[in-house]
Structure formats: structure tokens, C-alpha cells
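The first residue in the sequence is number 1, and the count goes up from there. No hydrogens, no waters, no symmetry mates; every other heavy atom, side chains included, goes into these values.
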Amino acid sequence: MKRLIGAVSAVLMAFAIAPAQAADKVVLMLNWYVYGEHAPFYYGKAKGIYAAEGIDLEIQEGRGSAATTQAVAAKTADFGYVDVPTMMRAAIKGAPVVATGVLLQTSPMSAMGFADKNIRKPEDIKGKTVAITPADSMTQIWPLFLKKTGLKESDFKTVAGDGQTKLNAVINGQADLLLGYVMDQSMKIKDATGKDVYPIKFADYGINMVSSGIIANTDYVKANADLVRRFMSATTKAVEAAEKEPKAAAQSILDANPKGGKIDTLTQGFELTIPLYRTAETKGKRPFQVADQNMTDSVNLMVEYGGLDAKAKENPKAFYTNDYLPKSGS
């Protein structure tokens, strides 16, 4: 009996000290240095949402959507959070990448300037100076905005430079407006000056195009279908949790990266992101559930104005899948 008790005790002790099944290590690379839009990923990690799905998440800052897409294509990152139209340009040229969820289903593109300049509508841009970054996604779509609003290139002046030069031009008064994202450049300007910025949103003038989403390598998706489902489930839950607690979500960025910004503008930037998650077609649905028509319209716009190869129109569904998203209510 003593031997039996000893044997049972040894087995129980072995179970007690045996490590739990190791979580899957996953690297998510962002599109850029951290800002308010990225709050859900940090919040999901901080709240244990990824851990609950058996995922050990590492979040890495990026250096642009094109660079992150290349990293995912090369499998140096498992997932990327990127501008989906930028991913399309790479995919049509053969990069093995696909969007496993489109989060920003309304474009954040805008022409923005200091609120006290009272530039509120396209007509107000006449006679002003606009700062652009040549060849970036916003500058490529800018001609469509002009067409939709009846503006001509001759109605305003243009100054060109990289991202920081563009910001400096508005901050220093060399330009009245810049082309930027409502939740990104506007917050950087406010951080630098303390002044509010007013965006004239492209989406308000009929330019319906998706923006940021999660991408993965197509081979990785096939080989790790269960992990991709768990990652998208966790990320969906992280977005939903962050929507309910914007300030706490923004704080999670600073908890992970104390130099990641200022709590007020991180919170405001994230709050400006939330309305971009859904369109009229996806209102009431869980995050990432992009509509087929939205993607088709986006592909068509990119072919006409964004330099995307025309053959992309043959099969818009090649660029994305909703198959790995959690079902409604799950």
C-alpha cells in the first residue's frame, strides 16, 4: 500500500510540475511606429486575450506598409498590419500574401490643416498650399478627390516632401494643409503644437476604399489554419474590447512603450479610428467582416488611380479572405 501511495503521489507531482502546453509564438509587425490606431493589439496582449487563445504575441513596429508586406512575404513576420491597397500592389506582382481580415473599411485619407484656419470643405482649399508626399497612397488618390469635388490642380499650390517634411510644412506655416490620415498625422501635429486639426475626409466625398488590415503569407495560412483562426479570433475580441475602453486601450500602448506618445492624443487618435471599422453594409457586424462589394470597389479604384495592374479586377477575392474570422457572436 505504501508503494502504491508513493507511486500515485509521484504521478500527481509530475502532473503538478509539468509545464502547460507552450503557447504559439506569433510576431505581428505594424505598418509604422506605434500610434493610436494600434491600441487594440497592445490592449489584447495586456488583457490576456491572445494568451487565452494560446498565443504568445510579440508586436514589432514597422517602417511602412510596403516594408511590412515584404517581411510577411519573406516569413520574417507571421502577420502584418498594413494598408491593404499597398498589399494588393505586392500581391499582384507575385508576393505570397493575403488579407485575413480588413479592419479599416472606410478610408482615413484626408486633407487636413489647423482648425483655426477654418478650412472645412473642398471649396476652402482654393488659393491654399497643400503639402504632399509624392507616390504615397494618398497622393495617388488625390486626383480622384479633386475630380469628385470639382477642384483643379491650378486652384491651389503644392509643396512636396517626405512624411516629416510634410508635417513640418504645416507646423511651420509653409503649407495650409497636408494629405494625411485622420488618426495619424493630425495627432502628430497636435502633439507638436497643442493645436487642433480639422480633416476634410475623402470618404465624405464618395471615395469608398478600404485601408488597414491583417495580412499573412499564403503558405503560412495553409500550414497553420488553426493558429490563423485563433489569431483572428483573439484580434477580433481585442478590437471589441478596445472599442469599449478607448483610454485604457491607449494606455496599454504606453505601458508597453513609455515613449509611444501622449495619452491624450493616443486616445483621441484611437477614437478617430473606431468609426472607420465599419461601413453601412457591415454596421452591426463584428470587426474585420469586410463586404465583397467594398473590396471590389477598392480594387477598381486602385486600378484606375492607384497604379494597380488591371488584371486585379479579374478576381478581387484573391486579395482577401473572411474564412478565418470568428462567426458572429462566437
Under 4.5 Å between side-chain heavy atoms, counting indirect links through other Ile/Leu/Val/Met/Phe/Trp/Tyr residues: same cluster for I119 and V130 or not? yes
Within the supplied structure, the quantity of interest is the number of heavy atoms (other residues, nucleotides, ligands) at a distance under 6.0 Å from E123 CD; does it exceed 12? no
More than 12 heavy atoms of other residues, nucleotides or ligands under 6.0 Å from NZ of K222: is that the case? no
Name of the residue among D56, L227, I59 meeting side-chain contact (heavy atoms from CB on, under 4.5 Å) with V26: L227
From the options V98, V97, L28, select the one residue that forms a side-chain contact (heavy atoms from CB on, under 4.5 Å) with V72. V97
Look at the side chain of R89 and the backbone N and O of G306, then say whether any donor-acceptor pair between them is shorter than 3.5 Å. yes
Does the N31 side chain pair with the main chain of S65, one donor and one acceptor, at a distance under 3.5 Å? no
Verdict with supporting geometry, K93 and M88, side-chain contact (heavy atoms from CB on, under 4.5 Å): CA-CA 9 Å; K93 294 176 181 176; M88 290 177 186; over 6 Å; no
For R120, enumerate each residue passing the side chain to side chain donor-acceptor pair (under 3.5 Å) test, keeping only those at least two apart in sequence or located in another chain. none
For residues [X] and [Y], is any side-chain donor paired with an opposing acceptor at under 3.5 Å?
X: N168; Y: T165; value: no
X: N300; Y: Y305; value: no
X: Y33; Y: R63; value: yes
X: T129; Y: Q174; value: no
X: Q251; Y: D255; value: yes

Any residue meeting salt bridge (Lys or Arg N to Asp or Glu O under 4.0 Å) with E271, in chain and number order, not counting sequence neighbours: none
Show your working on ring-ring contact (aromatic ring centres under 6.0 Å, His included) between Y81 and F41 and close with a plain yes or no. CA-CA 10 Å; Y81 182 67; F41 308 119; 4.9 Å; yes
Would F270 and I253 count as a side-chain contact (heavy atoms from CB on, under 4.5 Å) here? Give the steps. CA-CA 11 Å; F270 177 50; I253 293 176; over 6 Å; no
Determine, for [X] against [Y], whether the closest basic-nitrogen to carboxylate-oxygen distance falls under 4.0 angstrom.
X: K259; Y: E61; result: no
X: D124; Y: K117; result: no
X: K237; Y: E53; result: yes
X: D136; Y: K166; result: yes

Nearest heavy-atom pair of G101 and M232: which atoms, and what distance? CA-CE, 4.0 Å
Provide the closest heavy-atom pair for Y42 versus A256 in the form atom of the first, atom of the second, distance. CD2-CB, 3.7 Å
So the salt bridge (charged side-chain N to carboxylate O under 4.0 Å, His left out) pairs with at least one residue in residues 188-204 (sequence neighbours excluded) are D116-K195, D184-K188, K190-D196
Verdict with reasoning, M187 to L272, per side-chain contact (heavy atoms from CB on, under 4.5 Å): CA-CA 10 Å; M187 296 298 99; L272 288 168; 3.9 Å; yes
Using the six-membered ring wherever Trp is involved, compare the ring planes of F231 and F79 and label them parallel, tilted or perpendicular (cut-offs 30° and 60°). parallel
About how many Å separate OH of Y181 and CD of E37, when rounded to the nearest 0.5 Å? 8.0 Å
Start with the C-alpha distance between W142 and F156, add both sets of side-chain angles, then the distance that settles ring-ring contact (aromatic ring centres under 6.0 Å, His included), and finish with yes or no. CA-CA 13 Å; W142 180 235; F156 52 87; 5.6 Å; yes
Would F288 and T235 count as a side-chain contact (heavy atoms from CB on, under 4.5 Å) if you check the C-alpha gap in whole Å, the side-chain angles of each, and the deciding distance to 0.1 Å? CA-CA 9 Å; F288 295 106; T235 306; 3.6 Å; yes
